[in-house]
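Along the sequence shown, residues carry numbers from 1.
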Amino acid sequence: MNHAMTGTLARWLTGPRVPGLPAPSELPPPRLSFEFFPPKTEKLEEQLWQCIRRLEPLGPRFVSVTYGAGGTTQERTHATVSRLVSETSLTPAAHLTCVGATRDEVDAVARRYWDAGVRHIVALRGDPPAGASEYTPHPGGYAQAEDLVRGLRRIGEFDISVGAYPEGHPAAVSAEADLDFLKRKIDAGANRAITQYFFDTDVYLRFLDRCLAAGITVPIVPGILPVSNFSQVVKFSAMCGASVPAWMGKLFEGLEEDAETRRMVATVVAAEQVRLLQANGVDEFHFYTLNRPDLTYAIAHILGARAKVGATG
């Protein structure tokens with residue numbers, strides 16, 4: 001018995017020691033931003049506003065509202081953003097894309113946002129419209145996000161965020177060409193980039209090295225996706241070029257019918273990811289909430305974010 005115990009203990013003590021991450025109290029609270037998507041039904045609208053009210057007390061720098069191809073989403077996005085301006089203490093950022101519209105039409109939407117009090121735009125090229133396999137610039141439109149950024153700079157002093165892709169945009173010819181696109185968007189006047197979500201911290205940190213080497217100095221804010229529906233994320237990631245590591249599949253294995261445990265695992269995975277980033281000096285995070293606030297709230301809390309005193313919840 002003793003011999004067996006000694007053997008086990010000796011084995012446990014032979015491996016390298018892994019130091020712990022810094023205690024959260026040693027690090028400053030992070031700057032946060034949240035992304036929502038516009039609701040398609042009244043019930044989903046209710047869910048969205050519950051999400052907004054739950055996260056509002058955390059005092060994010062801004063909250064963004066996504067924008068899909070086609071007029072209906074555009075109207076819903078505008079309505080949601082306008083309501084954020086008039087009914088909350090939040091700073092809304094509106095998504096704007098180049099897809100399916102002339103420059104004049106896009107400029108008109110941007111002016112409507114400016115007139116509604118919106119000063120922050122997330123400028124994106126946008127996905128091809130439904131049914132199209134690849135992106136084709138509108139004949140009279142902005143061809144790429146860098147052109148859209150320049151156009152917005154002509155309209156007003158917007159705070160402009162653009163997209164960045166640590167693992168490369170799915171349509172990119174090469175990683176170098178993709179980084180060049182990002183540099184051009186920044187040089188055109190963008191204030192920051194927000195990344196596509198990723199799950200391996202090294203992917204993001206190596207990308208930061210490459211960005212700095214390319215002469216980019218604005219913040220490259222990590223996009224964080226708390227994953228509770230693993231199979232859905234696998235499908236979505238295949239389309240958007242984000243890799244899903246094998247270790248993640250292992251963590252969610254056998255939980256297809258167990259939503260509650262999936263949520264717990266999701267919190268652990270994302271909390272470990274953001275704590276490691278925070279320990280590496282990253283102090284800004286952008287959460288893709290999927291209009292579900294609880295995971296995001298818990299992870300932000302672990303990072304050191306706290307509800308502002310007197311904020312509504």
Around atom CD of E87, are there more than 12 heavy atoms from other residues, nucleotides or ligands closer than 6.0 Å?
yes

Quick one about E256 and S231 (side-chain donor to acceptor, distance below 3.5 Å, no hydrogens or angles considered), yes or no?
no

So do the side chains of L148 and K185 get within less than 4.5 Å of each other, counting heavy atoms only?
no

Can you name the residues that form a ring pair (Phe, Tyr, Trp, His ring centres under 6.0 Å) with F285, not counting sequence neighbours?
none

R184 to F181, cation-pi by 6.0 Å centre distance and 45° axis angle
yes

Can you name the residues that form a ring pair (Phe, Tyr, Trp, His ring centres under 6.0 Å) with F158, not counting sequence neighbours?
W114

When you measure from the side chain of T195 to the backbone of A164, do you find a donor-acceptor pair of N or O atoms at a distance under 3.5 Å?
no

Donor-acceptor contact present, side-chain R153 to main-chain G189, <3.5 Å
yes

Sequence neighbours excluded, every pair satisfying side-chain hydrogen bond (donor to acceptor under 3.5 Å, both in side chains) that has a member inside residues 237-255:
E167-S243, Y197-S237, D200-W247

Evaluate the ring planes of Y113 and H78, with Trp represented by its six-membered ring, and classify them as parallel (under 30°), tilted (30 to 60°) or perpendicular (over 60°).
tilted

Sorted by first residue and then second, give each side-chain hydrogen bond (donor to acceptor under 3.5 Å, both in side chains) pair with at least one member in residues 260-276; sequence neighbours left out.
D258-T261

Can you tell if the side chain of H120 reaches within under 4.5 Å of the side chain of R61, non-hydrogen atoms only?
no

Among pairs that include at least one residue of residues 7-31, which meet ring pair (Phe, Tyr, Trp, His ring centres under 6.0 Å), considering only residues two or more places apart or in two chains?
none

Taking NZ, NE, NH1 and NH2 as the nitrogens, is one of them in R53 or E56 under 4.0 Å from a carboxylate oxygen of the other?
yes

Spacing of L303 atom CG and H301 atom NE2 [to the nearest 0.5 Å]:
10.5 Å

I'd like to know if R150 and D147 make a salt bridge, using a cut-off of under 4.0 Å between side-chain N and carboxylate O.
yes

Tell me which donor-acceptor pairs under 3.5 Å the side chains of residues 33-42 have, and how far apart each pair is, sequence neighbours excluded?
residue, atom, partner, partner atom, Å
S33, OG, H286, ND1, 2.7
E35, OE1, H286, NE2, 3.4
T41, OG1, L44, N, 3.1

To the nearest 0.5 Å, atom CG of L90 lies from atom CD1 of I52 at 7.5 Å

